[in-house]
Amino acid sequence: MARVVLTQAAPRCEALAARLRGRGHEALALGLTRIVEREHDARLREAIGRLGSYDVVVLVSPAAVQAAARLAPDWPPDTVAAVVGPGSRAALEDATFRRAPLRVVSPEAPPFDAAALACLPPLDDPSACRVLVLRGERGSDAWIDALRERGARVDVLAAYRHALQEPEAAALEMLRRWLADENRPVCFVVAQAAGVARLDAFLERARLRERATRQPALAIHPRIAQALRDAGWRDVRNIDPGERALLLALESASDSSSPDGV
């Protein structure tokens, strides 16, 4: 069984850690941010109130899916839900909709990102298509600009934000113990390119950066993998998004600490 450090935002980070522990892994939730939904934002509530006027609603992350389920529990029957990868699709299946989306589109193979999603129908020919993008306060605009250039009418709203937080003292102490044990690798899971800088700064403050960057890092997208390499991580492994891919990667990582293990 693997030792794994999860860096996704809380509370999703804690929930995933609990499921991994249930499978026998040692999992540490080291969320450096917490998802805070913007349910009282007037523009967001106005857009959700007329969700049925959109042809497609793009939910860019599991956090966006969870926010949508709480804000719009009765999904309009004619509105397509679009998600970028297995993690968001799993979140959609687990979400507490009273009436779930009838049609869901997402890439079937890597790369699992918004640019790939924009190549799928109905977004591949979006002339006059009404699109709502629900995401965090920051995100890539290139694919959105491309949709607009091809005739789509796109609204972009922040459904949540990332609030910075410091790990608890007990989590930091466990991380210190793990990194001091040279007999077992510690896998760091990174799901956001922006999270690389936050993780790097935290490890530097804790004086653990040199030890940590010698451990395997699992990245769910090539951009994240490159950001980790640029930050000095020596063993970066690309994995697909989603819990199933993570479990397979952890099994390999627990067998071998070499980059060829995944």
Between A212 and F188 the two heavy atoms that sit nearest each other are CB-CZ, 3.9 Å
same_hphob_cluster(I220, V83) at 4.5 Å side-chain heavy-atom cutoff = no
Tell me, yes or no, whether the heavy-atom count around R19 atom CZ, taken from other residues, nucleotides or ligands under 6.0 Å, exceeds 12.
-> yes
dist S61:OG -> R12:CZ (nearest 0.5 Å) comes out at 8.5 Å
Is the backbone of S140 close enough, under 3.5 Å, to the side chain of R135 for a donor and an acceptor to pair up by distance?
-> yes
Do V84 and L134 share a hydrophobic cluster, counting only Ile, Leu, Val, Met, Phe, Trp and Tyr and linking them when any side-chain heavy atoms are less than 4.5 Å apart?
-> no
Smallest heavy-atom separation, D240 atom then A245 atom, equals O-CB, 3.2 Å
Going by heavy atoms in the side chains, are R214 and W233 under 4.5 Å from each other?
-> no
Would you tell me whether R198 and Q192 have side-chain atoms, one donor and one acceptor, within less than 3.5 Å of each other?
-> yes
Over 12 non-hydrogen atoms of neighbours within 6.0 angstrom of CZ in R205 | yes
Does a sphere of radius 6.0 Å around CD in E168 hold more than 12 heavy atoms from other residues, nucleotides or ligands, not counting ones at 6.0 Å or beyond?
-> no
Before giving the answer on salt bridge (Lys or Arg N to Asp or Glu O under 4.0 Å), spell out for E93 and R89 the whole-Å C-alpha distance, their side-chain angles and the decisive distance to 0.1 Å.
-> CA-CA 6 Å; E93 293 171 356; R89 185 176 277 275; 5.1 Å; no
Would you say the side chain of S127 lies within less than 4.5 Å of the side chain of R153, judging by non-hydrogen atoms?
-> no
Cluster check V196, L28: I/L/V/M/F/W/Y, side chain < 4.5 angstrom = yes
Are any of the side-chain heavy atoms of L132 and V58 separated by less than 4.5 Å?
-> no
Which of these passes side chain to side chain contact (heavy atoms under 4.5 Å, CB included) with L179: Q215, M174, R3?
-> Q215
Does H221 reach the main-chain N or O of R223 with its side chain, forming a donor-acceptor pair under 3.5 Å?
-> yes
Measure across P77 and L102 and return the closest heavy-atom pair with its distance rounded to 0.1 Å.
-> O-CD1, 3.7 Å
Indicate, with yes or no, if L175 and L20 share a hydrophobic cluster defined by side-chain heavy-atom contacts under 4.5 Å among Ile, Leu, Val, Met, Phe, Trp and Tyr.
-> yes
Are the side chain of T7 and the backbone N or O of V189 linked by a donor-acceptor pair below 3.5 Å?
-> yes
Has the side chain of D141 got a donor or acceptor atom that lies under 3.5 Å from a matching backbone atom of I144?
-> no
Interatomic distance, T33 atom OG1 to R161 atom CZ [nearest 0.5 angstrom] | 11.0 Å
Answer yes or no: is there an ion pair linking R234 with E210, defined by an N-O contact shorter than 4.0 Å?
-> yes
Determine the minimum heavy-atom distance between L32 and P167, stating which atoms define it.
-> CD2-CG, 3.5 Å
Under 4.5 Å between any side-chain heavy atoms of D155 and R130, yes or no?
-> no
Side-chain contact, heavy-atom cut-off 4.5 Å: D145 with V154?
-> no
Apply the test side-chain contact (heavy atoms from CB on, under 4.5 Å) to residues H25 and L250: give CA-CA distance (whole Å), side-chain angles for both, the deciding distance (0.1 Å), then the verdict.
-> CA-CA 9 Å; H25 296 291; L250 291 178; 4.1 Å; yes
Is R45 reaching over with its side chain to a backbone N or O of E39, donor-acceptor style, under 3.5 angstrom?
-> yes
Rounded to the nearest 0.5 Å, what separation is found between the CG atom of D113 and the CH2 atom of W143?
-> 10.0 Å
Hydrophobic cluster identity match, L71 and V104, side-chain contacts under 4.5 Å = yes
Salt-bridge contact D200-R209 (side-chain N to carboxylate O under 4.0 Å) = yes
Full working for side-chain contact (heavy atoms from CB on, under 4.5 Å) between L59 and S88 | CA-CA 8 Å; L59 307 170; S88 294; over 6 Å; no
Minimum heavy-atom distance between T213 and G232, given as atom pair plus value | CB-O, 3.7 Å
Any donor-acceptor pair under 3.5 Å linking the side chain of E243 with the backbone of G87?
-> no
Residues at least two apart in sequence or cross-chain that pass ring pair (Phe, Tyr, Trp, His ring centres under 6.0 Å) with Y160, listed by chain then number, are H162
Gap between atom CG of L120 and atom CD of E108 - 0.5 Å precision | 8.0 Å
Are any of the side-chain heavy atoms of L30 and C13 separated by less than 4.5 Å?
-> no
Nearest non-hydrogen partners of R184 and A2, listed with the distance | NH2-C, 4.0 Å
Any donor-acceptor pair under 3.5 Å from T79 side chain to Y54 backbone | yes
Residue pair L92, F97: steps toward the side-chain contact (heavy atoms from CB on, under 4.5 Å) verdict | CA-CA 9 Å; L92 198 58; F97 288 101; 3.7 Å; yes
Within the distance-only criterion (no hydrogens, no angle test), does the side chain of S53 pair as donor or acceptor with the backbone N or O of R50 below 3.5 angstrom?
-> yes
Are the side chain of R237 and the backbone of L218 linked by a donor-acceptor contact shorter than 3.5 Å?
-> no
Say whether, by atom type as modelled, one donor and one acceptor occur between the side chain of R229 and the main chain of I224 under 3.5 angstrom.
-> no
Heavy-atom distance under 4.5 Å between the side chains of R177 and D181, does that happen here?
-> no
Reported CZ-to-CE distance for the pair R21 and M1, which is rounded to 0.5 angstrom = 15.0 Å
Apply side-chain contact (heavy atoms from CB on, under 4.5 Å) to R98 and W75, showing your working.
-> CA-CA 8 Å; R98 287 193 298 260; W75 195 269; over 6 Å; no
Look at atom CZ of R23 and say whether more than 12 heavy atoms of other residues, nucleotides or ligands are closer to it than 6.0 Å.
-> no
Would you call V60 and V133 a side-chain contact if the rule is heavy atoms closer than 4.5 Å?
-> yes
State whether the number of non-hydrogen atoms from other residues, nucleotides or ligands found under 6.0 Å of R99 atom CZ is greater than 12.
-> yes
Between the CG atom in L248 and the CD1 atom in I239, the distance rounded to the nearest 0.5 Å is 9.5 Å
CD (E182) with more than 12 external heavy atoms under 6.0 Å = no
